[in-house]
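Every heavy atom of this structure was used, including side-chain atoms; hydrogens, water molecules and symmetry mates were not. Remember, predicted model here, so these are calculated numbers, not experimental data.
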Amino acid sequence: MAAAVRTRFLLQRSTQRLLLSSRAVPAFSSPFLCRAHRLEPGDDELYQRTTMTVIKNEADSGILIHSYSPAGFNVDGNRVFGPCVLLPPAILQWKVGSYEDITEESISLFHMLEPPIEILVLGTGSRVERINPSVLALLKRKRIAVEVQDTPNACATFNFLNTERRLVAAGLIPPSYSRALEVKQD
């Protein structure tokens with residue numbers, strides 16, 4: 001009996017709050033509908049199943065540059081000595097000695113590819129260097145975006161774009177040896 005009186009009192013209080021309150025409160029707000037409320041089969045949010053069909057398994061993210069040094073690059077466990085071209089999934093030696101050797105002929109490989117690449121990342125060594133304007137104009141005519149950076153940043157940019165599944169290629173010149181961190185002995 002006491003439970004029935006308490007229930008009636010609580011329901012009256014909740015309906016009075018609905019009438020007196022200016023805030024919007026759900027019509028069925030009851031102290032009994034709390035976290036412990038048990039859902040019934042009519043509450044279809046609980047009983048609907050979500051299914052997923054995998055149409056194509058994702059391939060791995062292509063090739064990644066793991067490290068670089070003045071001698072060359074470590075690309076997926078493969079050591080590449082000297083300047084290289086990365087055309088996922090291929091790794092090629094590149095016959096350039098410095099940024100000055102990047103000519104229309106040395107980049108001809110990049111605009112002959114099928115499907116065409118979207119972005120070419122050029123790593124020019126330890127510093128960002130100016131590339132010959134005729135080379136940049138040729139790539140622009142072929143609708144290839146060019147990102148010229150120092151080699152450490154070019155490696156990171158290539159890895160990022162490659163993991164995004166962009167059609168990207170890289171032409172990288174190893175950075176020169178730096179003595180900046182060596183301790184001078186007197």
What distance do D76 atom CG and L64 atom CG have between them, rounded to the nearest 0.5 Å? 5.5 Å

Decide yes or no on side chain to side chain donor-acceptor pair (under 3.5 Å) for T124 and Q149, but give the supporting numbers first. CA-CA 6 Å; T124 58; Q149 299 177 333; over 6 Å; no

Cut-off 3.5 Å, side chains only: do D150 and N153 have a donor facing an acceptor? yes

Whether N159 side chain and I65 backbone form a donor-acceptor pair below 3.5 Å: yes

Polar side-chain atom of E147 near backbone of V121 as donor-acceptor pair, under 3.5 Å: no

Side chains of E104 and S134: do they bring a donor and an acceptor to under 3.5 Å? yes

Short question: side chain of W94, backbone of I173 - any donor-acceptor pair under 3.5 Å? no

Measuring from atom CD1 of I91 to atom CZ of F73, what distance do you get when rounded to the nearest 0.5 angstrom? 11.5 Å

Heavy-atom donor-acceptor pair, T151 side chain to S126 backbone, under 3.5 Å: no

Once rounded to the nearest 0.5 Å, what's the spacing between atom CE of M112 and atom NZ of K142? 8.0 Å

Taking the side chain as every heavy atom from C-beta outward, state whether P133 and V135 have any pair of such atoms under 4.5 Å apart. no

One should read off an interatomic distance between T163 OG1 and I63 CD1, to the nearest 0.5 angstrom, of 12.5 Å

Is it the case that atom CD in E105 sees more than 12 heavy atoms from other parts of the structure closer than 6.0 Å? no

Between CG of L92 and CG of L109, what distance do you get to the nearest 0.5 Å? 6.5 Å

How many angstroms lie between CD in E129 and CD in E100, if you round to the nearest 0.5 Å? 8.0 Å

Is there a continuous path of hydrophobic side-chain contacts, each under 4.5 Å between heavy atoms, that joins L138 to V148? yes

